[in-house]
There are 2 protein chains.
Amino acid sequence: MATIYDVARRAQVSAATVSRVLNGRETVDPALAERVLAAVGELGYRRNAVARNLRKQQTSLWAVIISDVENPFFTSMVRGIEDVASAAGCSVVLCNSDENPEKESRYIAVALGEQMAGVIISPSSDRVEDLNLLSSSGCPVVMVDRELKGVRGDAVLVDNENGAEEATAHLVEQGYERIACITGPQRASTATERLRGYRNALEAAGRRANDTLIRMANFRADGGHDAMASLLDEQQPPDAVFVTNNLMTVGALECLVERRLDIPGDVALVGFDEVPWADLVRPSITTVAQPTYEEGRAAAELLARRIAEPDRALTRQILRTSLRVRASSTSHP
Amino acid sequence: MATIYDVARRAQVSAATVSRVLNGRETVDPALAERVLAAVGELGYRRNAVARNLRKQQTSLWAVIISDVENPFFTSMVRGIEDVASAAGCSVVLCNSDENPEKESRYIAVALGEQMAGVIISPSSDRVEDLNLLSSSGCPVVMVDRELKGVRGDAVLVDNENGAEEATAHLVEQGYERIACITGPQRASTATERLRGYRNALEAAGRRANDTLIRMANFRADGGHDAMASLLDEQQPPDAVFVTNNLMTVGALECLVERRLDIPGDVALVGFDEVPWADLVRPSITTVAQPTYEEGRAAAELLARRIAEPDRALTRQILRTSLRVRASSTSHP
DNA sequence: GTGCCACGTCGTAGATGGTTGCCATGGTGC
DNA sequence: GCACCATGGCAACCATCTACGACGTGGCAC
């Protein structure tokens, strides 16, 4: 592997000059610059990023730590991030914490150790210190989808409470009586906010949320499945269910199909998060859609700005959701 | 940020001793080691991975370059890779080439520049040189899902030809007459192999593949949709379609739903690759399932072995697919 | 008892590859 | 002839690892 010294020798200049040419400084004689470029081409020289990072004390790598790489919600967000990053000349490395605080910590340590330029994360633990360690070491943090109070970092969120309220109000309007809610783990801000929206909507309709109709699951398909089963086994099962994320919606749907229940005749269904196949499933599924690509974009733009101006005031962007009414919630037209 | 010298000063030893303790060498007095560890704790010292990588000329990072982060096939594979990597004490960084040769090249350059320990890739271009540059620089390459001839690297594939043959033979058995095929871009080995399997099965049944019933699309949903539309607009449209990847199957399905065609009454459908929602769609979709998690596992294990023994002979593992017959292909029982 | 050798342990110094502040040099303009 | 500017080289620096050598101690042999 050729080094900058090999290039310098071949171009008959010093390594400093090679470095200047490669970094596009103006103070180099064009003739020399050409010799350098020629030598680079002949030797197939590629700059050693590790050495460069060490000297410059930073990289052009962004870490994106998401909690489930198999969830289309996150992968769509990643696309938004990537587009901004490549426009900024940075590369994105994706880390899958898998809702596992241990793995998340490991990836945070990697981002720190590798001196990544910044981190975009949807926290799956509540370890505030880990993230503050990052930001206090000069590695900016942007939270996306979920917020962790006390973390010094920007955030891009959606109006979960409002979205959940709209979804629940829609079920109320459609005449459903016993509306259940399957939400996620308590440590996820999305889970508690969406539950709150659900409660608000019921109260606005003059009803009270019934704890026997509320389940906390793990944001995964199996959790949605089991929660649905447990709801159906209640003495008074629900006639409608609001599920607060897409994978749990899939699980709940599977459970309903297994039991040969009619949707929305026996049980109506509304999910949070859009899924690519929402229109293919029979019946098609009503969802609270999030602007996933936009969330990614916004988070990436915040990161880029913070890298440019580390001392900016912290910002917190809230995007809006939109209810997409489909067949799974409209039996009573 | 504390350095190894700060630790050394505090523990009253030399930096070399700190390094030895941190790397678990035996040749250090236990009392000194304890002092070092105490100093590390008190200072909150974390080793600078960049400097370490520079000195050691390698990292413990694996790059996984996939061609579509929104495809569940790849994300499931990534899980298999991660499990092996973390057992080996390595971290996985995921790079999304998005079927874009430019982006792929950029990520390969990053892997090279950052001196990653190895690369697992599902190539989306046919630039053999890029990959050989990696392997000749001492960064081992493992291809997964797709093979690129001429690349010095291990490979984990599935028996595409056989899987496609089984799928097509199944449609023949079910009595379909005009069986079409929607396959992927020619540069992807998976696309051509699956097309070959399709042809083989037709010939084995004493028929000949009809070029007006074959389409090459882009492995994405829109491509599948347009190819399906174009097939349906033929003077003699097909009564069955074999689609060679999951996203195109979704697109084809959308097209059939739009045109209010009955599946499998008007057109039968068999897809390649399992999708999480295959059982939720009505009718459920017959697929050729791949052992995705196992593919990831196998690729990761090959990489780990090659890092340990760089001079091993190249290997090429072929896994088997399995046909999952569901409702979309069984109108003639 | 003494001298030598071996071995365990630790520090010094150089190496990894690239960047950049500072200074020297040479040329040009006034 | 002097001053200034453009340009390029020297050397320090980033944080860590490790080969080599030094030092001390213990054991063994004479």
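Heavy atoms only: backbone and side chains are in, while hydrogens, waters and symmetry mates are out. Every chain is numbered from 1, with letters handed out A, B, ... down the list of sequences. This one's a predicted model, so the numbers in the text were calculated from it and none came from an experiment.
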Colleague: Please lay out, stage by stage, how A/E104 and A/R127 fare under the test salt bridge (charged side-chain N to carboxylate O under 4.0 Å, His left out).
Modeller: CA-CA 10 Å; A/E104 185 179 89; A/R127 302 194 192 162; over 6 Å; no

Colleague: Begin with the C-alpha distance, continue with both residues' side-chain angles, and end with the deciding distance and a verdict on salt bridge (charged side-chain N to carboxylate O under 4.0 Å, His left out) for A/R187 and A/D126.
Modeller: CA-CA 6 Å; A/R187 63 185 144 73; A/D126 46 10; over 6 Å; no

Colleague: Nearest heavy-atom pair of B/S137 and A/M1: which atoms, and what distance?
Modeller: OG-SD, 4.0 Å

Colleague: With a non-hydrogen cut-off below 4.0 angstrom, is A/V28 in contact with a base, only sugar-phosphate, or nothing?
Modeller: sugar-phosphate

Colleague: In this structure, how many angstroms lie between the P atom of D/dG8 and the CZ atom of A/R35, rounded?
Modeller: 9 Å

Colleague: Regarding A/L32, tell me which of base, sugar-phosphate or nothing describes its non-hydrogen contacts under 4.0 Å with the strands shown.
Modeller: sugar-phosphate

Colleague: Strictly under 4.0 angstrom, non-hydrogen atoms only: write out the protein contact profile of nucleotides 18-24 of chain D, one letter per nucleotide from the 5' end, B, S or -.
Modeller: B------

Colleague: Determine, for A/D98 against A/R220, whether the closest basic-nitrogen to carboxylate-oxygen distance falls under 4.0 angstrom.
Modeller: yes

Colleague: B/V119 pairs by side chain to side chain contact (heavy atoms under 4.5 Å, CB included) with which of B/L112, B/V64, B/I108, B/I65?
Modeller: B/I65

Colleague: Please state how far atom CD in A/E34 lies from atom P in D/dG8, giving the value in whole angstrom units.
Modeller: 14 Å

Colleague: The test is salt bridge (charged side-chain N to carboxylate O under 4.0 Å, His left out); show your working for A/R297 and A/E82 and say whether it passes.
Modeller: CA-CA 8 Å; A/R297 254 199 102 72; A/E82 277 180 335; over 6 Å; no

Colleague: In whole angstrom, give the distance that lies between atom OH of A/Y5 and atom C1' of D/dC10.
Modeller: 10 Å

Colleague: Spell out, as yes or no, whether a donor-acceptor pair under 3.5 Å connects the side chain of A/D6 to the backbone of A/T3.
Modeller: yes

Colleague: Using a cut-off of less than 4.0 Å, is there contact between a side-chain N or O of A/Y45 and OP1 or OP2 of C/dG18?
Modeller: yes

Colleague: Which residues pass the salt bridge (Lys or Arg N to Asp or Glu O under 4.0 Å) test with A/E294, sequence neighbours left out?
Modeller: none

Colleague: Assess the side chains of A/R20 and A/T27: does a donor N or O sit below 3.5 Å from an acceptor N or O?
Modeller: no

Colleague: For B/Q57 and C/dG17, is the shortest distance between a side-chain N/O and OP1 or OP2 below 4.0 Å?
Modeller: yes

Colleague: Rounded to the nearest Å, what distance is computed from the CD atom of residue A/Q58 to the C1' atom of nucleotide C/dG18?
Modeller: 14 Å

Colleague: Out of C/dT9, C/dG18, D/dC17, which has the shortest distance to the side chain of B/I4?
Modeller: D/dC17

Colleague: Specify the separation, in whole Å, of atom CG of B/N53 and atom P of D/dC17.
Modeller: 10 Å

Colleague: Does A/T292 reach the main-chain N or O of A/S76 with its side chain, forming a donor-acceptor pair under 3.5 Å?
Modeller: no

Colleague: Just report the end-to-end axis angle for the helix from C/dG1-D/dC30 to C/dC30-D/dG1, five pairs per end, to 10 degrees.
Modeller: 60°

Colleague: Indicate whether OP1 or OP2 belonging to D/dC17 is found under 4.0 Å from a side-chain N or O atom of B/R52.
Modeller: yes

Colleague: Check the phosphate of C/dT16 against B/Q115, side-chain N and O only, distance under 4.0 Å to OP1 or OP2. Yes or no?
Modeller: no

Colleague: Taking the minimum atom-to-atom distance to the side chain of B/R47, which one of D/dC14, D/dG8, D/dT16 wins?
Modeller: D/dT16

Colleague: With respect to the side chain of B/N48, which nucleotide from C/dC10, D/dG8, D/dA15 is positioned closest?
Modeller: D/dA15

Colleague: Taking any heavy-atom pair under 4.0 Å as a contact, classify A/V13: base, sugar-phosphate, or nothing.
Modeller: sugar-phosphate

Colleague: Could you give the CG-to-C1' distance, from B/L54 to D/dA15, as a whole number of Å?
Modeller: 9 Å

